[in-house]
2 protein chains.
Amino acid sequence: MKQYPDQLSRAHKKFLRNLFPDRESSFDDGTLLACGVDASQRHAKPLALVRPQETAQVAELLKWAQAERVPIYPRARATNKVGNCVPVRHGVVVSLLDMNDILDIDGRDFVAVTQPGVITADLQKAVEAQGLFYPPDPASMKISTIGGNISTCAGGMRAVKYGVTRDYVLGLEVVLPGGEVIRTGGRTQKNVVGLNLTRLMVGSAGTLGLVTEAIVKLLPLPETSASVLVGFKDLGGCLNGAEAVFGCGILPTAMELMDHNTIRALEMHSAVPWPEGTGGLLLLKIDGSAESVKTDLGRIEEALRAVAVTFMEQGSGADQERLWELRRVISPAAFNLAPDKQGEDVAVPRGKVAEAIKGYHAIGEQLGLTVLCFGHLGDGNIHVSTMYDKSAGEQEKALKAKQKIFQLTLELGGTLSGEHGIGLTKAKYINMQMDKTQQRLMAGIKKTFDPLNIMNPGKVV
Amino acid sequence: MKQYPDQLSRAHKKFLRNLFPDRESSFDDGTLLACGVDASQRHAKPLALVRPQETAQVAELLKWAQAERVPIYPRARATNKVGNCVPVRHGVVVSLLDMNDILDIDGRDFVAVTQPGVITADLQKAVEAQGLFYPPDPASMKISTIGGNISTCAGGMRAVKYGVTRDYVLGLEVVLPGGEVIRTGGRTQKNVVGLNLTRLMVGSAGTLGLVTEAIVKLLPLPETSASVLVGFKDLGGCLNGAEAVFGCGILPTAMELMDHNTIRALEMHSAVPWPEGTGGLLLLKIDGSAESVKTDLGRIEEALRAVAVTFMEQGSGADQERLWELRRVISPAAFNLAPDKQGEDVAVPRGKVAEAIKGYHAIGEQLGLTVLCFGHLGDGNIHVSTMYDKSAGEQEKALKAKQKIFQLTLELGGTLSGEHGIGLTKAKYINMQMDKTQQRLMAGIKKTFDPLNIMNPGKVV
């Protein structure tokens, strides 16, 4: 098979400059270095950066790229944490940031049609202005794009009640390697015609084709929401509290956990509302009509009081934000415990969360490192941060912790990634989870879409 | 490529009798004829029927079938309406009805693990006894199986709020042609490792592999529900009513529509509660905690009264069933209008429902046939029944109506099937909806899973 080019020929550059005139294409070192990194902190230098304005340009580009076997690296805000935006085989980085129009918001069809470069929070604001709701809320939503969210199948806190990005993508416009353009799915809420290419594309990390438009499902905007922050003596109390809430028959919008190490980090960071002796926290949100939120909140509080709580505080409307601010500052606060952080986004079956967290703590203790566990208790997707000090030579220990955390997660029936993917940074661990037969099937699907492997080559999905 | 065998050799039969002893295999004409039909009323005679008791037998069977190129037709209760259970290339029908154990219901993981032969309503009852909830509710749920539901990606009335089968399948055990067994996904609520083979299998109509076990997602069981039946002067009123409900920010569990022809059929069938002059009906259900259902119901009624309604009646608890009984008798009641029925399960974007139904009615009037429109307004999935009289030579007209209904549906951005699939009966219409490129991709995926085309051959997905 033809090799990937080490550099672009004069003809290549001419082609790209014609297709992407003026500032739509760049070849200068500074720009190329800047667009070769993502939130994983890995980097590689591409041969060119292009900024398509419309699908037709992408189609032309992918026709050329297939013929010349030039790797294509789609990119938007590059918030990916596992290296999926890094152009490891060089080639051309395709920034979708100029394709950033919301094409339609339809309150009767309950769909929005959007280009990939739209910031997720901007889409949310736009649909909320019309009384509509796009639930997926990855932590990055104020800076990440719908295209990126689709590429990773982004999750978020509201997944407990509302599911993840995959559950909201009804249809896609995709440019295939070679330049053909397909439109999968559509504006209908139900559709069982054909194998589900739409869902296959979501989470495929740009390895099958390049998404140039998406039809996403919307819901009616819940009238209001309310939140409760509850303290417990220990982790066991948190888990009992969570069961008490689910036992009410109410599905909370979000159910976040903070373990004792997270609490310690927050206490070192700023004033906190909970009393001393709080060893675990739950932060819950519910939504619905004003009356139902009020009644459900009362019921949840009653159920929680039956469990031994150290503290309970509720907030509604804008006032909830002070509770959620505590959740949001966990990442910066963690650095009070150690200067370096290694973060995992493993997920385990919900009933195994207690065992998992105890195990992650034990792994930390064994290696002399602090492990923080926090995040999406409601769906078993726990963020595990191993804090360490690189300057004290602890990186090796942190890597050992990673291996052990993965091993325990899989032993408990979990997965190496609930939200971020595999990409570059976890590629070497994929065989721990995925057997050869499934890898063979996935390779077959990849080959069907991208026979010359030009779409985001070098990445593991 | 090796041909499919016209008949089984002595060695073939010996193999099957050894693998499936006693009543687990059948070769007699009566049995073979009986297992060659499904709800489409198409039929074909297979060469054998086998009834596996465990996955290992299925794996042996599919290893043999691949080597001998014998078609494999998975089957459970055969409620499929488009012929997906019909063994058109003969081969072996594999009844999954003996693999009917619920293996686990876990109220902490919020999952059930089930074999494919479990009746969907039985699974629902079993999980509800533990305060849990499996939402997908195809009309056939009392007689159809989870395996069949997964095969078609069954929908139902609760899809408005809760989505369809696809949204609840977290993991699968699948036997591939050739006998390899894979386990996709798992018990975690979030998982972004690998291309999503689980979702690809759902709705693939048994053409990629044979599902022998499923892990399905459960929710906490809503405490209670309530229903409202609302009459309007005409279809336009119904649509305004639906918008008023969505405008409350409340997502109903179900939102069913009945048009004037459906109303007429029901009036001819039994006593009805609505007044004369009712030309459209909405039947709504909401669920949640007792208090929230009460408050939401009040709010919905208030919103509906602002639209011109002819009638409104609510029911809660067991008392709702009398309202839903009216919905359930539509199918038998329709035969008051004509002796034969041609049913479609098209779906259109929700905002195009009014235009679609008006168009379907016009198609009927043009051809002199009555067209009933009813069903899942909440998600745009309208059941369109063309009533005709075969004995009066109207079948040709009905087929013309089908073609026109499909054409209009696609013009409105809809899909030929929201719930039933393509299979045999709609195979010749697939090119109306699916372009060659997507068909090529799907064929490539099929070939990756099933290179010799032994899984349910002769069907269109």
More than 12 heavy atoms from other groups under 6.0 Å of CD on A/E302: no
Test side-chain contact (heavy atoms from CB on, under 4.5 Å) applied to A/R299 and B/E291, step by step: CA-CA 10 Å; A/R299 188 175 272 231; B/E291 301 90 335; 3.0 Å; yes
Sidechain N-carboxylate O distance under 4.0 Å for A/E180, B/K436: no
Top contributor to chain B interface from A/G288, A/G156, A/G131 [non-hydrogen pairs under 4.5 Å]: A/G156
Gap between atom NZ of B/K352 and atom CZ of A/R187 - 0.5 Å precision: 6.5 Å
Which portion of B/M442 sits near chain A, non-hydrogen atoms under 4.5 angstrom: both
Proximity breakdown for B/H420 and chain A, heavy-atom pairs closer than 4.5 Å: backbone
Chain A contact via B/D106 - side chain, backbone, both or neither, heavy atoms under 4.5 Å: neither
Region of B/E419 in contact with chain A, defined by heavy-atom distances below 4.5 Å: both
Among the listed options B/T295, B/L197, B/V192, B/T152, the residue most often paired with chain A at heavy-atom distances under 4.5 Å: B/V192
Most contacts with chain B, counted as non-hydrogen pairs under 4.5 angstrom, among A/A347, A/G186, A/S417, A/G247: A/S417
For A/S204 against B/L195, the heavy-atom pair lying closest together: CB-CD2, 3.6 Å
Heavy-atom check, side chain of B/L441 versus side chain of A/I182, under 4.5 Å: yes
B/D167: which of A/R199, A/K190, A/R166 passes salt bridge (Lys or Arg N to Asp or Glu O under 4.0 Å): A/R199
Main-chain N/O of B/R183 paired with A/Q438 side-chain donor or acceptor, under 3.5 Å: yes
Closest-packed option against chain A by number of heavy-atom pairs under 4.5 Å, given B/T188, B/I445, B/V160: B/T188
Top contributor to chain A contacts, counting heavy-atom pairs under 4.5 Å, from B/V461, B/T448, B/D109: B/D109
Leading residue by heavy atom contact count with chain B [cutoff under 4.5 Å; candidates A/I430, A/I422, A/L239, A/L170]: A/I422
Which atoms of B/L176 approach chain A - backbone, side chain, both or neither, heavy atom under 4.5 Å: side chain
Residue among B/N196, B/N191, B/V348 with most heavy-atom pairs under 4.5 Å to chain A: B/N191
Pick from A/V111, A/T184, A/V164 with the largest number of heavy-atom pairs that fall under 4.5 Å of chain B: A/T184
Over all atoms of both residues, closest heavy-atom pair of A/M434 and B/G194: CE-CA, 4.1 Å
Flag side-chain contact, heavy atom, 4.5 Å: B/R350 against A/R108: no
Closest approach of A/S289 to B/D296 (non-hydrogen atoms, all atoms of both residues): OG-OD1, 2.6 Å
B/C248 side, atom SG; A/L221 side, atom CG - distance, nearest 0.5 Å: 13.0 Å
Most chain B-contacting option - heavy-atom pairs closer than 4.5 Å, from A/K446, A/K161, A/R440: A/R440
Closest-packed option against chain B by number of heavy-atom pairs under 4.5 Å, given A/D435, A/L251, A/V353: A/L251
